[in-house]
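Structure record follows, encoded as structure tokens.
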Number of protein chains: 2
Amino acid sequence: MPSVQLKNPLEALEPLFAKGERELYRDREVVYYPGVASDSVFYIETGHVKISYLDTSGKRLVLALRGPGDLVGEGALMGEERRRHLVQTLGDTLLVRLDRELVVSWLRRHPEASSYLLRWLHEKIVELEELLVDLAFRDIQSRLSRKLLQLSQEFGVRTEDGVLIGCRLTHKDLAEMIASARENTTLALNRLEQEGIVDKGRYRIVVKNEESLKRKCQVG
Amino acid sequence: MPSVQLKNPLEALEPLFAKGERELYRDREVVYYPGVASDSVFYIETGHVKISYLDTSGKRLVLALRGPGDLVGEGALMGEERRRHLVQTLGDTLLVRLDRELVVSWLRRHPEASSYLLRWLHEKIVELEELLVDLAFRDIQSRLSRKLLQLSQEFGVRTEDGVLIGCRLTHKDLAEMIASARENTTLALNRLEQEGIVDKGRYRIVVKNEESLKRKCQVG
DNA sequence: GGATCACCTCCTTTCTAGGGAGCAACCCTT
DNA sequence: AAGGGTTGCTCCCTAGAAAGGAGGTGATCC
């Protein structure tokens, strides 16, 4: 285990990312479908991806968004045979495709790197558990507030009005992230706008008052 | 990565488990509380533990059950400072406490072991995602059926009547595993009993007809 | 430039799953 | 024998899913 804390646990893997093949995806393009062979990992250079689970009924749940400096498709390194998710870009996105064997052999040659990967994976577990707890205990208003807060902290861009969430999200995307109906998500978002807490436009959400938003999270 | 698939990804760590301190816990005893220092990992020799998240409102969500051959408290290895969960035993349980530093230094000396740990962690992620999807899409009847199926597969003991779920679970425990009210869980369980799919008694559930149970899972 | 089309956003109404409260009965433990 | 924990049952009521439109907006085509 590292004695020094790194900002991003994956920094230790940087040299590896240079070895991959860079691929440009357009907005909403599919990176992989569920069921296809799980044989590579992607490093996100710029842009964002949305990882979702497709239900048999056609409904979706967005399990995570990932942005620059993050990995996606890591299951390929951990015994996953076929993809379990649908991964799509949000906005134009530059990925580095890393073949599984390449990563595995690199990891063998750099044994200290595994511990960083473990930490990173643990972070993902914490995020999943947070979502789980939200689903179990909070109502839509509160789930949306928490999600907006997370998004502004992870992908936020400071502007004069507040923190702009830096990825191209529709209300449907948001709804699928908090497991609610699109209509109710719109409603909740409008309420937040009326209260002057957020500002919104097409594909655009600005958190104007972070403190009020935090207060909203407790209520539900 | 291993070229041969092991049944239990943790088999590779067996030699490590001999180095720990064995501790006997009685039924329902607390192994650790949320907030305490996260400085050791536990290996389960016999018995079961319940990992739950405590909400500020006093409600609980059971994130996982773990049984013999499994680990609990693994966050200690991955940068977690304080425990995030409440861990309690179900029935009398024998744990092996492993100091964090002990495990970390062992892992450094056995670099090939990390990949097994990664695989194990990935399994846990898959389980969390399954729970998440259930919460998002399925109703109580279906969530309960899936959970019983999982439990019977993971902790089941063959008997003449069917598969007995081998841990001391109350209806409240079950309810907290599928994020529903205790009353509704009892109701759903009674329905399954009336249909002849399960058999139950105090702390005791026997899955009589696995096939019917599987059919129940699809419906919701 | 204007028309078209696909998607996105907004709003309302209806209907139901299931949370919550409140008890009664039961049974194991001490 | 008492008491705490577990189970069974009922009723009420709210959150929110589902359906069904109507207007907006941006891209693309002519």
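Every chain is numbered from 1 and lettered A, B, ... according to where its sequence line falls, protein lines coming before strand lines.
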Return all side-chain donor-acceptor pairs below 3.5 angstrom for residues 126-134 of chain B, not counting sequence neighbours, or 'none' if the list is empty.
{"residue": "B:Glu129", "atom": "OE1", "partner": "A:Arg84", "partner atom": "NH2", "Å": "2.3"}
{"residue": "B:Glu129", "atom": "OE1", "partner": "A:His85", "partner atom": "NE2", "Å": "2.7"}
{"residue": "B:Asp134", "atom": "OD1", "partner": "B:Arg146", "partner atom": "NE", "Å": "2.7"}
{"residue": "B:Asp134", "atom": "OD1", "partner": "B:Arg146", "partner atom": "NH2", "Å": "3.4"}
{"residue": "B:Asp134", "atom": "OD2", "partner": "B:Arg146", "partner atom": "NE", "Å": "2.7"}

Just how far, in rounded Å, is C1' of D:dA15 from CD1 of A:Ile140? 8 Å

Tell me every residue that passes side-chain hydrogen bond (donor to acceptor under 3.5 Å, both in side chains) with B:Lys208, counting only those two or more places apart in sequence or in another chain. none

When the rotation axes relating C1' atoms of four end pairs to the next four are compared across the helix from C:dG1-D:dC30 to C:dT30-D:dA1, five pairs an end, they differ to 10° by 40°

Which pairs would a plain distance check flag for residues 62-69 of chain B, meaning a side-chain donor or acceptor within less than 3.5 Å of a matching protein atom at least two apart in sequence or in another chain?
{"residue": "B:Arg66", "atom": "NH1", "partner": "B:Leu71", "partner atom": "O", "Å": "2.9"}
{"residue": "B:Arg66", "atom": "NH1", "partner": "B:Glu74", "partner atom": "OE1", "Å": "3.1"}

Taking salt bridge (charged side-chain N to carboxylate O under 4.0 Å, His left out) as the definition, give me every residue that meets it alongside B:Glu45, ordered by chain and number, with sequence neighbours left out. B:Arg22

Nt span of DNA chain C in reach of chain A heavy atoms at under 4.0 Å, 5' end first, is C:dC7 to C:dC11

Residues in side chain to side chain contact (heavy atoms under 4.5 Å, CB included) contact with B:Arg158, at least two apart in sequence or another chain: B:Val163

Donor-acceptor pairs under 3.5 Å, side chain of residues 31-38 of chain B to any protein atom, not counting sequence neighbours: which ones?
{"residue": "B:Ser38", "atom": "OG", "partner": "B:Glu80", "partner atom": "OE1", "Å": "2.6"}
{"residue": "B:Ser38", "atom": "OG", "partner": "B:Arg83", "partner atom": "NH1", "Å": "3.2"}

What does nucleotides 2-13 of chain D look like as a protein-contact string, B for base, S for sugar-phosphate only, - for none, at under 4.0 angstrom between heavy atoms? ---BSBBB----

Residues passing the side chain to side chain contact (heavy atoms under 4.5 Å, CB included) test with B:Arg202, sequence neighbours excluded, are none

Can B:Asp55 and B:Ser57 be counted as having a side-chain donor-acceptor contact under 3.5 angstrom? yes

Can you pull out every ring-ring contact (aromatic ring centres under 6.0 Å, His included) where at least one residue sits in residues 145-204 of chain A? Sequence neighbours excluded, please. A:His48-A:Phe155

List the residues meeting side-chain hydrogen bond (donor to acceptor under 3.5 Å, both in side chains) with B:Tyr53, not counting sequence neighbours, and say none if there are none. none

For the pair made of CZ in B:Phe137 and P in D:dG16, what is the distance, rounded to whole Å? 16 Å

